[in-house]
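For reference, the structure discussed in these notes is given below.
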Amino acid sequence: MGVHERDSRGRAPAGTGLTTGEVARRLGVAPTTVRTWDRRYGLGPDAHTGGRHRRWTPVDVARLERMCALTATGIPPAEAARTVLDEATQQQAPSARAASATPTLPVAAGEEAPARRDEGVAPRPSVRARSRAGSGLRLGDVRQECKGIARAALRLDASALDELLETAIAEHGLVAAWTEVIMPTLQAVGRKWESSGEKYVEVEHFLSWHVSGALRRAAPPTAADRPGATVVLACVPGENHTLPLEVLAAALAERGLPVRMFGGALPVESLVTAVRRTGPAAVALWAQSRTTASRPLAQHVAAMEWGVRGARRKPVVLTIGPGWSGRTVPGLPRPTGLAEAVAVLETVVSRQGAVSP
């Protein structure tokens with residue numbers, strides 16, 4: 001029998017199929033959720049190996065994908081499970097009738113009976129089930145992790161979401177996880193919100209909160225101050241989108257650079273005071289919208305000086321975020337992505353001679 005074949009009782013042979021943990025990662029749920037659906041609603045696989053380890057075939061997984069799709073729309077789990085089981089029964093009934101109606105051909109002595117075309121092949125889920133098994137978000141060509149995170153966010157499944165985010169960061173690193181997994185998912189949720197009126201606002205807030213928590217848990221302890229090596233991160237006045245700065249702060253902390261993070265909508269006077277008090281090597285100003293990006297503010301901070309006469313220093317000011325598009329400030333770096341921003345800041349601090357060997 002092949003990998004996905006079943007025996008005469010409809011069970012997969014031992015050692016084939018996916019484990020519960022593998023299924024959970026594929027679906028973007030916690031393993032405990034898969035086990036609960038199995039125990040409580042009867043959505044478990046038919047097959048198991050020695051030691052009671054469960055193995056999930058493509059058909060088993062398709063049922064769980066359908067369960068995920070239904071619960072992501074807000075349908076209670078119990079009702080969703082009934083729907084999944086009813087659909088599975090309806091799909092199996094025609095196959096059973098067809099099998100019972102198939103006549104047995106006479107076989108000459110010494111010949112083997114011809115195998116039925118469907119013998120040993122697991123039934124495929126219907127087109128309807130497969131087409132509705134996704135997260136409901138248009139993610140496009142992205143990593144598999146994006147789909148799992150999106151499903152967990154739509155279900156408001158906190159434990160699964162935390163586990164998936166932490167796994168993505170651990171496997172890919174902060175910068176790659178943000179660029180290739182987290183940011184595409186956030187953008188998809190944002191598009192869903194914009195196209196659905198006031199729907200899915202709670203999903204965006206929920207996902208953002210858990211991303212923030214995952215970034216904080218992944219970041220090492222804040223590096224100790226070193227004269228002239230501090231990097232100040234702040235949103236411009238009126239700007240409250242802090243997640244890009246949070247991941248930048250975490251990435252800089254990974255590299256041992258002292259960071260002072262001031263979060264969203266920092267007033268002008270407070271920003272100026274913070275720069276004077278810390279004497280940073282660099283200041284990164286985040287603007288999500290053009291309406292908040294202020295050239296005069298960036299130029300003012302870039303012109304600030306401190307230190308004794310003859311050894312005065314100025315900060316290098318980075319304008320980061322889409323709000324600065326078309327509003328470039330001459331002489332100020334404008335990195336276009338997280339990796340570039342990290343590289344620029346490392347170079348700036350290195351030039352100051354403040355990075356420990």
Side-chain angles (χ1 to χ4, degrees), residues 174-175 178-179 219-220 222-239 241-290 292-357:
L174 273 169
V175 174
W178 171 262
T179 304
T222 303
D225 279 335
R226 296 193 299 273
T230 302
V231 176
V232 166
L233 306 179
C235 291
V236 296
E239 182 58 69
H241 291 80
T242 63
L243 273 183
L245 283 187
E246 292 178 47
V247 70
L248 178 56
L252 294 175
E254 275 191 330
R255 290 154 177 80
L257 301 183
V259 176
R260 291 294 174 269
M261 170 68 160
F262 292 93
L266 186 65
V268 173
E269 298 80 3
S270 301
L271 173 61
V272 170
T273 300
V275 172
R276 289 200 181 282
R277 292 184 61 184
T278 57
V283 177
L285 299 177
W286 174 268
Q288 180 77 18
S289 168
R290 289 190 180 187
T292 60
S294 170
R295 283 180 177 174
L297 175 61
Q299 291 169 329
H300 178 75
V301 174
M304 293 177 63
E305 293 183 331
W306 53 83
V308 299
R309 184 175 299 178
R312 306 282 283 176
R313 292 189 297 112
K314 294 181 179 181
V316 174
V317 175
L318 281 67
T319 54
I320 56 177
W324 296 103
S325 178
R327 302 181 65 82
T328 304
V329 182
L332 302 187
R334 185 181 176 273
T336 56
L338 175 61
E340 185 180 349
V342 171
V344 170
L345 289 169
E346 281 190 295
T347 300
V348 168
V349 174
S350 178
R351 283 178 187 161
Q352 297 282 352
V355 175
S356 300

Task: side-chain contact (heavy atoms from CB on, under 4.5 Å) between Leu271 and Val301, worked out - done: CA-CA 9 Å; Leu271 173 61; Val301 174; 3.9 Å; yes

TODO: Provide the closest heavy-atom pair for Leu345 versus Ala282 in the form atom of the first, atom of the second, distance.
DONE: CD2-CB, 3.5 Å

Open item on the list: Nearest 0.5 angstrom please: Lys314 NZ to Glu305 CD, how far?
Closed with: 4.5 Å

Task: Closest heavy-atom pair and its distance - Ser289, Thr292 - done: O-OG1, 2.9 Å

Show me the side-chain donor-acceptor pairs of residues 257-270 shorter than 3.5 Å, one per line, residues at least two apart or across chains.
from: Arg260; atom 1: NH2; to: Asp225; atom 2: OD1; distance (Å): 2.6
from: Arg260; atom 1: NH2; to: Asp225; atom 2: OD2; distance (Å): 2.8

TODO: Nearest 0.5 Å please: distance from the CG atom of Leu174 over to the CG atom of Leu252.
DONE: 10.5 Å

Open item on the list: Filter on side-chain hydrogen bond (donor to acceptor under 3.5 Å, both in side chains), then keep only pairs touching residues 317-342, sequence neighbours left out; what's left?
Closed with: Thr336-Glu340

Open item on the list: Do His241 and Cys235 make a side-chain contact, defined as non-hydrogen atoms from C-beta onward lying under 4.5 Å apart?
Closed with: no

Task: Heavy-atom pair with the smallest gap, counting every atom of Gln288 and Pro322 - done: O-CG, 3.4 Å

- [ ] State whether the number of non-hydrogen atoms from other residues, nucleotides or ligands found under 6.0 Å of Arg277 atom CZ is greater than 12.
- [x] no

Open item on the list: Within the 4.5 Å heavy-atom criterion, are Glu346 and Arg255 side-chain neighbours or not?
Closed with: yes

Task: Residue pair His300 / Val272, side-chain heavy-atom distance below 4.5 Å - done: yes

TODO: Using the side-chain contact (heavy atoms from CB on, under 4.5 Å) rule, take Val231 and Leu233 through it: C-alpha gap first, then chi angles, then the decisive distance, then the call.
DONE: CA-CA 6 Å; Val231 176; Leu233 306 179; 3.8 Å; yes

Task: Side-chain touch Pro333/Val316, heavy atoms, less than 4.5 angstrom - done: yes

TODO: Taking all non-hydrogen atoms of both residues into account, name the closest pair between Ala298 and Val329 and its distance.
DONE: CB-CG2, 4.2 Å

Task: Side chains of Leu285 and Ile320 in contact at under 4.5 Å (non-hydrogen atoms) - done: no

Open item on the list: Checking the side chain of Glu254 only, and the main-chain atoms of Gly256 only, is there a donor and an acceptor separated by less than 3.5 Å?
Closed with: no

Side-chain donor-acceptor pairs of residues 242-251 under 3.5 Å, sequence neighbours excluded:
from: Thr242; atom 1: OG1; to: Glu246; atom 2: OE2; distance (Å): 2.8
from: Glu246; atom 1: OE1; to: Ser212; atom 2: OG; distance (Å): 2.5

Task: Spacing of Arg276 atom CZ and Trp306 atom CH2 [to the nearest 0.5 Å] - done: 8.5 Å

